[in-house]
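Reading through the structure tokens given below for one structure.
Basis for what follows: all heavy atoms, side chains included, without hydrogens, waters or symmetry-related copies. The shown structure was predicted, so the numbers you read here are calculated from the model rather than taken from an experiment. The chain is numbered in sequence order, starting from 1.
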Amino acid sequence: MTRWFIALLFCTALSAFAQNQYDLLLRGGHVIDAKNGIDGVRDVAILGGKIAAVAEHIDPATAFKVVDVTGLYVTPGLIDIHVHVFASTGEPNSYAGDNGVYPDGFTFRVGVTTVADAGSSGWRNFEEFKTHIIDRSHTRVLAFLNIVGAGMRGAPYEDNLYDMEARSTAEMAQRHKGLIIGIKTAHYSGPEWTPVERAVEAGTMANIPVMVDFGTDWPQRPIEELLTKKLRPGDIYTHCYSGLRRELVNGHVNPGMIEGRQRGIIFDVGHGGGSFAWRIAVPAIQQGFLPDSISTDLHIGSMNSGMKDMLNLMSKFLALGLPLQTVIADSTWHPAREVHHEELGNLSPGAPADIAVLRLEHGTFGFTDMFGARLDGSQKLVCELTLRDGRVVWDLNGITRPDWKTLPPDYSATGDARWDAITPAHHGSH
């Protein structure tokens with residue numbers, strides 16, 4: 001009798017262990033993971049905020065919570081490396097102020113879990129940005145540090161060559177290694193190379209890439225020289241389909257862009273409110289000049305115009321003929337590599353469980369550029385579910401939730417902190 005009792009206890013313990021092996025299981029979704037070469041139906045298991053397993057079949061009995069995502073695409077959390085989210089200062093007409101947006105209201109609902117602020121702050125005000133925005137956001141916020149010490153506060157600041165200090169900028173970047181992931185130069189209206197040269201100097205000191213918004217186009221400061229001589233391999237040219245700096249010459253991609261790509265320059269979309277035109281993007285892509293990464297340039301001037309949000313922008317590239325797998329890679333693994341955060345943008349076991357669950361809708365959709373010109377498409381991405389560190393932060397149609405009619409009359413929170421960050425009932429182990 002004693003042996004049978006001990007055996008029963010042992011089997012019960014094994015069963016309990018198996019039932020709690022994973023916190024959350026996403027079943028039956030089509031996984032697209034560029035880093036690991038996965039493009040097919042898989043189950044994804046999560047434990048302790050990390051990816052625990054990705055396999056063709058994972059026993060649902062091993063998970064505390066199971067969500068059926070059949071018919072949906074499961075991807076790493078989207079990474080948007082060009083946003084402006086330094087929104088807390090109250091300064092008017094400033095990207096270190098009122099032109100920025102608070103990230104959490106614009107990210108999770110479109111599957112974005114990581115953003116990189118593109119130079120809103122400089123070394124003089126980065127600590128304020130960190131305290132007010134980065135440290136208080138649920139979205140993972142990284143930053144390109146502006147070469148201008150005062151940050152992106154308008155022409156009087158951004159044209160001030162005397163406030164472009166490479167050493168001070170590099171020292172701040174090194175102080176926040178991993179959080180500051182690059183240097184930004186932007187909006188300079190003069191003909192000098194100084195902003196680019198100081199940015200590259202700071203980037204070299206801190207061993208991080210430079211992102212360039214090339215400002216005003218000057219004949220003595222041509223884009224060809226920027227891309228073939230001034231920038232280093234791994235540096236990023238954003239707004240690559242703007243047409244504002246001769247990205248297209250006589251209907252053809254500027255040879256300097258082609259040579260720059262051969263040198264290892266990265267070309268980023270950076271759509272924004274005024275940096276994406278169909279008359280540039282369509283011929284460039286038809287000629288084979290595809291982006292390396294897709295980014296929004298999110299701010300108050302782009303959020304309600306042609307750009308709208310990350311998924312609307314990704315849907316534009318579907319309309320341009322890019323395969324879904326390429327569009328996902330350009331929004332996950334590729335930007336993760338560009339900013340040297342290769343723990344992100346993939347679903348490898350042990351990686352942070354940042355996940356987007358997307359629906360690909362079919363119909364007739366219109367997409368507009370910075371001038372309001374429309375291109376029609378037949379596919380549009382919608383975010384059904386977003387996980388940040390393994391917990392649900394967005395659930396469009398309640399696919400993780402029980403029907404209210406199945407609950408007790410006095411029901412309250414239906415989630416659990418092991419998998420839910422929206423309405424968790426704080427009981428049991430976390």
Side-chain angles (χ1 to χ4, degrees), residues 21-60 62-63 65-81 108 110-114 140 290-295 310-311 313-315 317-318 321-362 379-394 399-400 419:
Q21 188 174 348
Y22 305 119
D23 295 328
L24 178 63
L25 178 65
L26 302 179
R27 291 194 71 200
H30 186 128
V31 173
I32 299 177
D33 178 358
K35 176 185 178 182
N36 293 298
I38 301 175
D39 180 16
V41 175
R42 299 287 190 278
D43 294 344
V44 179
I46 296 159
L47 178 65
K50 306 288 186 182
I51 302 296
V54 178
E56 292 186 6
H57 176 73
I58 298 174
D59 185 356
T62 61
K65 172 72 175 180
V66 179
V67 180
D68 184 0
V69 291
T70 302
L72 303 175
Y73 289 94
V74 178
T75 78
L78 306 181
I79 300 172
D80 186 354
I81 64 165
F108 296 149
V110 290
V112 174
T113 53
T114 299
R140 180 185 292 102
L290 277 58
D292 295 302
S293 54
I294 295 173
S295 69
M310 185 67 164
L311 289 183
L313 178 53
M314 291 166 64
S315 300
F317 283 90
L318 294 177
L322 273 66
L324 177 62
Q325 292 77 5
T326 300
V327 171
I328 296 298
D330 287 348
S331 309
T332 54
W333 178 233
H334 294 171
R337 287 189 304 176
E338 291 168 14
V339 300
H340 302 170
H341 270 277
E342 296 188 7
E343 79 280 11
L344 304 177
N346 66 86
L347 300 177
S348 303
D354 293 355
I355 296 175
V357 179
L358 308 176
R359 182 183 302 279
L360 184 60
E361 296 188 342
H362 298 271
Q379 300 178 97
K380 188 174 179 64
L381 288 163
V382 175
C383 183
E384 284 286 347
L385 188 69
T386 305
L387 274 61
R388 169 79 163 90
D389 284 335
R391 300 171 72 204
V392 174
V393 290
W394 172 256
I399 62 175
T400 66
W419 59 269

Could you go step by step and tell me if T75 and I355 meet the side chain to side chain contact (heavy atoms under 4.5 Å, CB included) rule? CA-CA 6 Å; T75 78; I355 296 175; over 6 Å; no
Derivation and outcome, side chain to side chain contact (heavy atoms under 4.5 Å, CB included), residues V382 and V110: CA-CA 7 Å; V382 175; V110 290; over 6 Å; no
List the steps, then state whether side chain to side chain contact (heavy atoms under 4.5 Å, CB included) holds for V41 with V31. CA-CA 6 Å; V41 175; V31 173; over 6 Å; no
Dump the intermediate steps for side chain to side chain contact (heavy atoms under 4.5 Å, CB included) on I328 and L358, then the final yes or no. CA-CA 11 Å; I328 296 298; L358 308 176; 4.0 Å; yes
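Judged purely by atom type and a 3.5 angstrom limit, W419 has no side-chain atom pairing as donor or acceptor with the backbone of K65. Counting only distance, with no hydrogens or angles, the side chain of K35 and the backbone of H334 share no donor-acceptor pair below 3.5 Å. Here the side chain of T326 pairs no donor or acceptor atom with the backbone of L322 at under 3.5 angstrom. In this structure a side-chain-to-backbone donor-acceptor pair under 3.5 Å is present from D354 to D389. Counting only distance, with no hydrogens or angles, the side chain of T386 and the backbone of F108 share a donor-acceptor pair below 3.5 Å.
With a 4.5 Å cut-off on side-chain heavy atoms, C383 and W394 count as touching. No side-chain heavy atom of D330 sits under 4.5 Å from any side-chain heavy atom of D292. Looking only at side-chain heavy atoms (C-beta outward), T332 and N346 stay at 4.5 Å or farther from each other. Using a 4.5 Å heavy-atom cutoff, the side chains of V67 and L25 are not in contact. The side-chain heavy atoms of M310 and S295, taken from C-beta on, include no pair separated by under 4.5 Å. The shortest side-chain heavy-atom distance between R140 and R388 falls under the 4.5 Å cut-off.
Contact record, P335 with I81: CB-CG2, 3.6 Å, taken as the closest heavy-atom pair. When every heavy atom of V66 is checked against every heavy atom of R27, the shortest pair comes out as CG1-CD, 3.4 Å. Taking each heavy atom of I79 and A336 in turn, the nearest pair found is CD1-CB, 3.7 Å.
Applying the ring-ring contact (aromatic ring centres under 6.0 Å, His included) rule to H30 yields the partners Y73; only residues at least two apart in sequence or on another chain are considered.
Salt bridge E384/R359: present, at least one basic N to carboxylate O contact under 4.0 Å.
From T114, atom OG1 reaches atom CG of L344 across 5.0 Å, with rounding to the nearest 0.5 Å. With rounding to the nearest 0.5 Å, the separation of CG in L24 from CZ in R391 is 11.5 Å. Atom CG of L381 sits about 5.5 Å away from atom CG of L311, to the nearest 0.5 Å. With rounding to the nearest 0.5 Å, the separation of CG in D33 from CG in L347 is 4.5 Å. Rounding to the nearest 0.5 angstrom, the gap separating the CD1 atom in I294 from the CG atom in D80 is 10.0 Å. From S315, atom OG reaches atom CG of L360 across 7.5 Å, with rounding to the nearest 0.5 Å.
Side-chain polar atoms of H341 and E343 form a donor-acceptor pair below 3.5 angstrom. Judged purely by distance below 3.5 Å, without hydrogens or angles, the side chains of S348 and N36 pair a donor atom with an acceptor atom.
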Side-chain donor-acceptor pairs under 3.5 Å in residues 43-56, sequence neighbours left out?
unit_1, atom_1, unit_2, atom_2, d
D43, OD1, G28, N, 2.9
D43, OD2, I58, N, 3.0

